[in-house]
There are 2 protein chains.
Amino acid sequence: MKSDIQICRDTALTPIDQIAQMAGIEPQDLTPQGTLKAKVKPSILKRLADKPEGKLVLVTAITPTPLGEGKTVTTIGLSQGLAKINKRVIACIRQPSMGPVFGVKGGAAGGGYSQVAPMEKLNLHLTGDIHAVTAAHNLAAAAIDARLYHEERHGYEAFSEKTGLSALRIDIENIVWKRVMDHNDRALRMITVGKNEAGKTINGLERDDGFEISAASEIMAILALSKDLADMRQRIGRVVLAYNIDGNPITAEDLQVAGAMTVTMCEAIEPTLMQTLEGVPTLIHAGPFANIAHGNSSIIADRIALKLSEFTVTEGGFGSDMGFEKACNIKAQQANRGPDCAVVVATLRGLKANSGLYDLRPGQALPDAIFSPDEKALIAGFDNLKWHIRNAAQYGLPVVVAVNRFPQDTDAELELLKTMVTDTDFSTYVDVAISEAFGRGGEGATELAQAVVKACETPANFKPLYSLSQTLEEKLMAVAEVGYGARSVELSACAKEQLAALKKQGHDNLAVCLAKTPLSITTDPSVKGAPTDFVVPVRELKLCAGAGFVYALCGNVMTMPGLPEKPAYMNLDIDADGNIIGLS
Amino acid sequence: MKSDIQICRDTALTPIDQIAQMAGIEPQDLTPQGTLKAKVKPSILKRLADKPEGKLVLVTAITPTPLGEGKTVTTIGLSQGLAKINKRVIACIRQPSMGPVFGVKGGAAGGGYSQVAPMEKLNLHLTGDIHAVTAAHNLAAAAIDARLYHEERHGYEAFSEKTGLSALRIDIENIVWKRVMDHNDRALRMITVGKNEAGKTINGLERDDGFEISAASEIMAILALSKDLADMRQRIGRVVLAYNIDGNPITAEDLQVAGAMTVTMCEAIEPTLMQTLEGVPTLIHAGPFANIAHGNSSIIADRIALKLSEFTVTEGGFGSDMGFEKACNIKAQQANRGPDCAVVVATLRGLKANSGLYDLRPGQALPDAIFSPDEKALIAGFDNLKWHIRNAAQYGLPVVVAVNRFPQDTDAELELLKTMVTDTDFSTYVDVAISEAFGRGGEGATELAQAVVKACETPANFKPLYSLSQTLEEKLMAVAEVGYGARSVELSACAKEQLAALKKQGHDNLAVCLAKTPLSITTDPSVKGAPTDFVVPVRELKLCAGAGFVYALCGNVMTMPGLPEKPAYMNLDIDADGNIIGLS
């Protein structure tokens, strides 16, 4: 089979204004960025206000291997399959970070014959939204260090006299806003800033700091959750950057930088329209992490897509305990709109990896056996799929299992898996279909598309696991105990103190976002399958007042990846005609 | 008078595809980015190969005050003036950095009725070229730290065995590639990276590092100097990132990251087409510093403009000792095309500031008196203008002095200045005109435009101050002694050692780029006027093998600005309609 970028380059694409027109996006709603991508103005929603909304299909997955189970391939493939059976459909996905493109994972445009095109545009820069997030975020970081420095060197009173501004009296030990960069750069995880040559003080005040990858920025989560520009402006104003020496929060509004941050986000708030290889309109918008943030593309893009199509297909990052849970509890509540159907992507290799029969260690390559027939492992691993179906079902949603077929998969094992699904009692609507979207595009996903259409005809009864009016502890328990099936949540002494402070500051009404490994339903990446009787330890709580949630650090969560020994960037280059080569 | 952004917003602009069409840029040469900016494909040059070139007008200035003397206003105003007298004209300017937009200086789109529009697009993100430079630069930085880390933790031999790659054996004390960010962030000037929690080593190796502003990146200079994508690819490959433990250079090619860096620059290599408030086509491309780099917009943009117009108007940063010198000695030699005419921008206030009659201190506000009539100061300050005219003349160019008129300027003083110019013997063609481009747009610059047309009719005899075949010392002497009129160049012990190493490495054929203060012809910012008998001390030499020059640090040069007490970002916000406000 041809490489992803080769398939993409060999496909004749449709001019984006035609894609827009077919989708019902009029020229005045559109700002073309070249001929194959365009910004869509959120003001389109005013024009479409009276239109009914289509169905929202949320694609999730079993507990993934580090290779991923093909969720984006399935999202794009399903969209193409729906189009093949003559449904009006729009896909909504996240913008890929450039870090993984140059690092290990490669691009995130789907793959094979189910890609968003041109994949090199999607994977690199796109329309600059991540750069805007980086710029807005780092402006606040520069602002806080500058203010700290000027107040310190003048003294609070003299500073106020000189500037007419109130001194913020920033506590240098309590600055909670790091810097961000859209690269995998481990050397920036822990740094010291504000260093000076001996005897000088012109470079600011020395303190510990660090960089996270831009996808981990609260500004990214805000982009994904904002209703409109005015809402984004308010949210950015609420972001807490630091605390003052009395322990009170200092926001971007306090620092008078929220306006400028919003100004740098003025173009980023518009979703980008592209197309799949088969011409299905696709909105790309925002790319928040699925651990410390909620891991879903934007509310604005979904709202536009729902108004324009019969089916909006979107995805949440990682397994259903991660992006899907956050889509249902964080995003759906802020959007006031839940999904109508869950699609759980499973692979034979992924289920075998969840069997407990292999010695899988984080950071090591998967054993070859996992890619070969092994009924015993498949049967054992099925528990994990059951867990994810039941998880989706407890939100009141019908479920379709999409088995993402790989070339080495045998018919016998695929049939076995289908039978196991249909033979199990799930006390909700469950269907299963094989997807060959990678190798065959939409044609390989029509069975899946039919199943999804049928599932969407069953009455959905969406309900999140908690309501925002509950306390933060109740919400943590709802996700961990009801959602994950844990025995209990255990807060560290530090987390307990933070919880008390958050309540005191009036944040009890925020959502909760559990940041844990995606490689297990528990907080321990080595525990596979469908574990029970485990504890969810919460080490620390962090406030994202602008995004509207408190995230709970449960175990180690890496917010700045590193480059491996032989990074993907080594393969990238341009050929003699100036085409990009080596991207996958 | 209305604010810059108000004037801009109140002006009816022409769709960019019409601007392109009028300029002779065909639809297949153009990639519109919205309706008011477009990328121009460098492949247009193939189509235009047989067309004759127009005249290249290079705008420079007297030794500026920190406020600037209105060089961009004059560049844009002159372009509009030329259009008013029915000449086909294209302006070529640099992309503004966002750092100053949020810091002290504000935007760099010109001002008043001589602006590039929409100014908020030009000043913020534009088409993402600076973000691409930042991304390409920082990818190399992450790559070098990652390689250092992996080679160290495995050991050189084990690393080679595991990866099949030769160990680069990077000298941790000799990594010369810093990181960059497009913000004024003084706390990042001197940092420590690769810090670890006690007992851990997962965050890389600890070492001193720092950030510069993105305009200071060698990648930015490369963007400005590349002939085409293939040339850029080669230049990026030559960039020296570090030295190994034997003291030999490690390039981006050695690290196998040059291809990926070029891939991130694939869109940035295309100039961006915009328009002035009066519809003059303007190409914006690259924004290198005018001290540690050469301070001029790109060769590619100039080449396109020269083929399409009778007059291409461009500018070099700061006074004629800075960007103009580098345009003539670095850019013109790499482009194999020199300017046809020099325009020296002077202001009454700027000349008075050069009089030596005021106590001007760096970092302090200019005294009010400088803005009021003061013939004595004007006459004394005229020496500085004479110096810059003679400097431009020694490159064989005709000179037009453009007196950039401010509202408070009196007719009497303006007449005095004109008379002083015309009464002086310059042994070259010199003319003088008042420009009211700020307040009156092109209509206020027709006298200047006529003068420029006439000057361009005189036969230019452009010659740079040195040829690349001379030695590095000879080139340094040519710029400092012939160019600045210094008594001598004095290299520090460190610079002498570096010079020997550079020669040994085969870099004697590169151009030289003197990095000094723009606020004086000497290296001391407090020395105004037209000094003689001074020494140019060179503290350090730095290799930019990709850009094709060695830069010489003469005095303190700041490559990462800081934010002031009341930064410009405090004024920026969006209004109720989502429009950007507070930008100037």
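Just so it is clear: chains get the letters A, B, ... in the order the sequence lines come, proteins before strands, and each one is counted from 1. The figures here come from the full heavy-atom set of this structure, side chains too, leaving out hydrogens, waters and symmetry mates.
The closest side-chain heavy-atom distance from B:Lys195 to A:Ile191 is not below 4.5 Å. Taking 4.5 Å as the limit, some side-chain heavy atom of B:Asp185 sits within range of a side-chain heavy atom of A:Arg179. Looking at B:Leu165 and A:Met570, their side chains come closer than 4.5 Å, going by heavy atoms from C-beta outward. Two residues are said to be in side-chain contact when any heavy atoms from C-beta on lie closer than 4.5 Å; B:His131 and A:Ile130 fail this criterion. With contacts defined as side-chain heavy-atom distances shorter than 4.5 Å, the pair B:Val193/A:Arg189 does not qualify. Residues B:Asp145 and A:Arg186 form no side-chain contact, since every pair of their non-hydrogen atoms from C-beta on lies 4.5 Å or further apart. Two residues are said to be in side-chain contact when any heavy atoms from C-beta on lie closer than 4.5 Å; A:Thr264 and B:His125 meet this criterion. The side-chain heavy atoms of B:Glu565 and A:Arg153, taken from C-beta on, include a pair separated by under 4.5 Å.
Of the listed residues B:Gln256, B:Lys121, B:His150, the one with more heavy-atom pairs under 4.5 angstrom with chain A than any other is B:His150. When B:Glu151, B:His154, B:Lys39 are compared by the number of non-hydrogen pairs under 4.5 Å with chain A, B:His154 comes out ahead.
With A:Met190 as the fixed residue, the side chain to side chain contact (heavy atoms under 4.5 Å, CB included) test singles out one of B:Asn203, B:Thr192, B:Ile202: B:Asn203.
Interface remark: A:Ala38 contributes no atoms to any contact with chain B (heavy atom separation under 4.5 Å). In this structure, chain B has a heavy atom under 4.5 Å from the backbone of A:Asn184, while its side chain stays farther away.
When all heavy atoms of A:Ala260 and B:Phe102 are compared, the pair lying nearest together is CB-CE2, 4.1 Å. When all heavy atoms of B:Gly578 and A:Leu229 are compared, the pair lying nearest together is CA-CD2, 3.7 Å. Here the closest heavy-atom approach between residue B:Ala135 and residue A:Met98 is recorded as CB-CE, 3.7 Å.
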Residue pair B:Leu124, A:Val263: steps toward the side-chain contact (heavy atoms from CB on, under 4.5 Å) verdict = CA-CA 9 Å; B:Leu124 300 164; A:Val263 161; 3.4 Å; yes

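Atom CD1 of residue A:Ile574 and atom SG of residue B:Cys266 lie 6.0 Å apart, to the nearest 0.5 angstrom. Atom CZ of A:Arg147 and atom CG of B:Leu563 lie 11.5 Å apart (nearest 0.5 Å).
A 6.0 Å sphere centred on NZ of A:Lys41 holds more than 12 heavy atoms belonging to other residues, nucleotides or ligands. Other residues, nucleotides and ligands contribute only 12 or fewer heavy atoms inside 6.0 Å of the CD atom of B:Glu157.
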